[in-house]
**Q** 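Dropping a structure here in structure tokens format, bear with me for questions.
Order of the sequence lines fixes the chain letters, A, B, ..., with proteins taken first and strands second; residue numbering starts at 1 for each chain. On a predicted model such as this, the values are computed, not experimentally measured, just so you know.
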Amino acid sequence: MITTAGRKLIASLNETQAEAVSNCSGPLLVLAGAGSGKTRVLTHKFAWLVSEMGVAPSSILAVTFTNKAAREMQGRVRKLLDTDLKGLDIGTFHSFGLRFLIRNSKDLQRIAGRKISTIIDRSDVRSLVKGIMKDLDIDQKRFEPGWVIESISRGKVEGDQKLLIPRVLEYPVDSIFQKYQQILIRQGSADFDDLLVLPLHLMLNDRELLNRERERFEWILVDEYQDVNRPQYMLLKLLAGDDAHIMVVGDPDQSIYGWRGADMNMILNFEKDFPRSRVVILEQNYRSTSNILGAANGVIRNNSRRKPKKLWTSRANGEKIHVLLARNEREEAAFVAGEIMRLRETGYPFKDIAILYRINAMSRLYEEALLRNDIPYRIVRGTAFYERREVKDVIAFMRLAVNPFDSAALERIGNVPTRGLGKKSLEKTGEYIDRNPSIFAEMIWKEISQSGAGLAGKAKQGVCELAVHMGRILERRTDIPSVIDYIMLEMSYEDELGKFDPEGWRERAENVRELLSVITSEGGLETMLAEIALVTDLDIMDEDTERVSLMSLHAAKGLEFPAIFLAGLEETIFPHYRCMDDPDNLEEERRLCYVGMTRAEERLYMTAARSRVLFGMTQRNGFSRFLWEIPDEFKSTEDRGEEESSFAGGWPNRRRWGW
DNA sequence: CCCCGTTAACTTTTT
DNA sequence: GTTAACGGGG
């Protein structure tokens, strides 16, 4: 029996969407092609569960990949249910993990002997690993820190979560890992992987805890299932239990995070993993014109490992894909800017337009072209907003205040503004803190402000001052705006910004204030610090401003724009040279291209340059194979031809031959 | 011990 | 063009 409310919920859906929403009899896999209404299905499912199945909203766990997706889902669910629901558990895997660890912190201490006060991000991990490598005398040229970090992460993620030991590692990663882990535990910090692995560890070792968590969630909804990695999968499996009230939504063709450990097999094997499961395939695309869809299908068709799926649309053909083969990257960028102006005249506001590229290093080129044409833009870096120096500094002040054992924070801002604490003194201070018998931050800072941490002279004075400041921050811990004021004014960090960056300090100070708008200040300093690490640039982008968006293809996942420029379509850039040797990686690149193309609703431009100056070198790499994979019927190619050789003198790094 | 200049190296994608 | 590491002067 379906209620009126239920009928209303379903009325706006097509047949397969409705099937996905109303079928609650067992595990459900929704294969949702690009633009087929996947978020719609998720939100309606949520509402259906509440209004038709009588499930309490708080016992539905909904996980997404970005905070932005979570927020959007939350908003749409609220609207559908037309209530002011509290306790909606919609968030990212990582924020779920974090909240899990917070609410089970006693068990975390008991079972794993760990306490989480800080989440460390990529750059923290980087400096930590580099420091360790230095200590262990490991050549950073032979073993790139980036590679080491990746190996550590892989080791952790693919390890034995019950025993909490990594996969077998080789020298030198094994010894670095050990030290790394030791430091994390001592500092009371967790990396991103810990947020997934530690909850698993707890549930695998404590039956009662597992049951408690299982009972919490009657239903589980998962977005972007094609991008889950092993611990995420295990988490879901464990929480779902035998009766498996779970619906996952995803598209294998949009799996683009394999390099980060995402495993497409999870979605390909769903039916085997979850017995008695059903599959619903959404193939009608509501987003793009049929030319765009045809072109995208033409590209993705070249992948061998996929579930065949034929997306279709009832929309008109629309314009053909405009392929531009430019002479050089400057011409390409100028074309993009010019075309944007033209589009605007034909009725596309700037906010409907996006430029996508494979590597962030390319953003500057298009940025400059837009600047020259007075086109407003914003760059969306997928990376953490708080990786901006000023934001990071301010957070480091707070982190250190709350957690004196956070040596990364100490090193970062112990001497900011300068107070006579050099590298050596900071090191000594760190050691002194580690030896401190107290575990309470207040007492540690108080003690140091009197003792001077065993230092002498100027350094002693400096460390006392630092400790006093830290104490003051703690006193304000429930009032975050006042903490920020204290740091900016009393600790004269604002002056410091002015010294460091005389032109941009105003904007930087503004960024710090922006921090306040991102965070929920209830819950005080500690909660905020934990959550802030999970907030990215993407999450604070304001959609309504009249600006063109610039972002990497990865950052564009889940977004859509009426007009899209896909730039830099040249071999070794896209596909990227580090992905070209291995067929699996190449297929991921192709999926990335597919993702990019299907972001477009009406207009799609794909541009390439015969020669490109990148990283200070002129390269001629040939046009991307993806361009040739687009069937001719869907594209119109504009070839600007060869560069005139008489201008060859203008190329400083031009190779002598090779083309 | 700190600061500032220089040089050198290096550039995928990110929760 | 950019940031990180290094070395010499204060």
Side-chain angles (χ1 to χ4, degrees), chain A residues 63-70 91-98 119-123 125-127 130 134 140-141 144-147 149-150 153 157 190-196 223-224 227-229 231-232 255-262 356-365 367-368 380-387 389 415 417-428 455-459 462 499-500 531 533-539 551-558 568 572-580 585 588-589 591-593 595-596 613-617 653:
Chain A
V63 278
T64 60
F65 263 78
T66 61
N67 293 301
K68 181 168 178 288
T92 63
F93 271 104
H94 291 86
S95 67
F96 164 77
L98 174 63
I119 314 280
I120 60 171
D121 77 332
R122 180 163 77 264
S123 62
V125 170
R126 199 180 163 79
S127 50
K130 276 179 136 175
K134 214 173 222 168
Q140 301 198 13
K141 295 242 167 59
E144 253 179 89
W147 175 81
I149 292 165
E150 203 174 298
S153 172
V157 163
D191 61 20
F192 285 133
D193 297 323
D194 287 334
L195 294 181
L196 306 172
D223 192 14
E224 311 273 19
D227 283 326
V228 299
N229 64 15
Q232 287 168 336
S255 164
I256 55 174
Y257 284 104
W259 50 272
R260 204 174 76 189
L356 310 183
Y357 33 77
R358 175 66 235 263
I359 49 180
N360 279 314
M362 285 171 62
S363 68
R364 172 156 254 106
L365 176 66
E367 220 181 315
E368 281 165 3
V380 183
R381 287 205 70 208
T383 54
F385 164 75
Y386 94 132
E387 284 193 7
R389 182 201 182 112
N415 195 34
T418 320
R419 53 175 73 84
L421 292 172
K423 211 169 169 236
K424 266 265 154 56
S425 319
L426 283 177
E427 214 168 279
K428 276 190 195 155
L455 297 174
K458 227 173 161 180
K499 253 188 261 164
F500 165 75
E531 278 172 2
L534 303 176
V535 174
T536 68
D537 234 12
L538 218 56
D539 303 317
M551 69 189 94
S552 72
L553 282 153
H554 284 86
K557 179 170 98 160
T572 75
I573 293 176
F574 193 27
H576 195 268
Y577 71 100
R578 292 179 79 152
C579 303
M580 296 205 310
N585 288 340
E588 181 152 311
E589 292 287 290
R591 290 194 293 271
L592 190 56
C593 184
V595 167
V613 180
L614 193 61
F615 307 135
M617 275 204 317
N653 293 317

**Q** Which sits closer to the 5' end of DNA chain B, A/Glu144 or A/Arg260, going by the nucleotide each is nearest to?
**A** A/Glu144
**Q** Over all strands shown, is A/Tyr577 touching base, sugar-phosphate only, or nothing at heavy-atom distances under 4.0 angstrom?
**A**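 Result for A/Tyr577 = nothing.
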**Q** Given atom CZ of A/Phe65 and atom P of B/dT15, what is their separation to the nearest angstrom?
**A** 11 Å
**Q** Does A/Ser95 put a side-chain nitrogen or oxygen below 4.0 Å from OP1 or OP2 of B/dT15?
**A**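 The answer is no; no side-chain N or O of A/Ser95 sits under 4.0 Å from OP1 or OP2.
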**Q** I need the NE2-C1' distance between A/His554 and B/dT13, as an integer number of Å.
**A** 4 Å
**Q** Let me know the distance between CZ of A/Phe93 and P of B/dT14, rounded to the nearest Å.
**A**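 Answer to the nearest Å: 19 Å.
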**Q** Which part of the nucleic acid, if any, lies within contact of A/Glu589, taking any heavy atom under 4.0 Å across all strands shown: a base, the sugar-phosphate backbone alone, or nothing?
**A** nothing
**Q** Name the nucleic acid region contacted by A/Ile256, choosing base, sugar-phosphate or nothing; use a 4.0 angstrom heavy-atom cut-off, strictly under.
**A**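 If one applies the 4.0 Å heavy-atom cut-off, A/Ile256 turns out to touch nothing in the nucleic acid.
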**Q** Rounding to a whole Å, what distance do you find between A/Phe96:CZ and B/dT15:P?
**A**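 Result: 19 Å.
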**Q** Could you report the tightest heavy-atom contact between A/Gly568 and A/Phe574, atom names first, then the distance?
**A**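 Looking at all heavy atoms of both residues, the closest pair is O-CB, 3.9 Å.
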**Q** Tell me: CG of A/Leu195 to C1' of B/dT14, nearest whole Å?
**A**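 Nearest whole value for this atom pair: 14 Å.
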**Q** Looking only at side-chain N and O atoms, does A/Asn360 come under 4.0 Å of OP1 or OP2 in B/dT13?
**A**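 Yes, because at least one side-chain N or O of A/Asn360 sits under 4.0 Å from OP1 or OP2 of B/dT13.
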**Q** With centres under 5.5 Å and planes under 30°, do A/Trp259 and B/dT13 count as stacked?
**A** yes
**Q** Under 5.5 Å between ring centres and under 30° between planes: does that hold for A/His576 against the base of B/dT12?
**A** yes
**Q** Starting from C1' on C/dG1, measure out to CD1 on A/Ile359 and report it in whole angstrom.
**A** 13 Å
**Q** What is the distance from atom NZ of A/Lys130 to atom CD1 of A/Ile149, rounded to the nearest 0.5 Å?
**A**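 Reported to 0.5 Å precision, the distance equals 8.5 Å.
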**Q** From the options B/dC3, B/dT15, B/dT12, select the nucleotide whose nearest atom is closest to the side chain of A/Cys579.
**A**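 So the nucleotide nearest the side chain must be B/dT12.
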**Q** Taking only the side-chain nitrogens and oxygens of A/Lys130, find out if one of them lies under 4.0 Å from OP1 or OP2 of C/dA5.
**A** yes
**Q** Between A/Gln232 (side chain) and A/Phe93 (backbone), is there a donor-acceptor pair under 3.5 Å?
**A** no
**Q** Return the minimal non-hydrogen interatomic distance between A/Asp193 and A/Ser153, and the atom names on each side.
**A** OD2-OG, 2.8 Å
**Q** What is the distance, rounded to the nearest whole Å, between atom CE of A/Met362 and atom C1' of B/dT12?
**A** 12 Å
**Q** Taking only the side-chain heavy atoms of A/Arg358 (C-beta and beyond), determine which of B/dT11, B/dT13, B/dT15 contains the nearest atom.
**A** B/dT13
**Q** State, to 0.1 Å, how close A/Ala459 and A/Leu421 come at their nearest heavy-atom pair, and which atoms those are.
**A** O-CD2, 3.4 Å
**Q** Starting at atom CG of A/Leu356, determine the distance to atom P of B/dT13, rounded to an integer number of angstrom.
**A**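 So the CG-P distance, A/Leu356 to B/dT13, works out to 14 Å.
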**Q** How would you label the contact of A/Phe192 with the nucleic acid (heavy atoms, under 4.0 Å): base, sugar-phosphate, or nothing?
**A** base
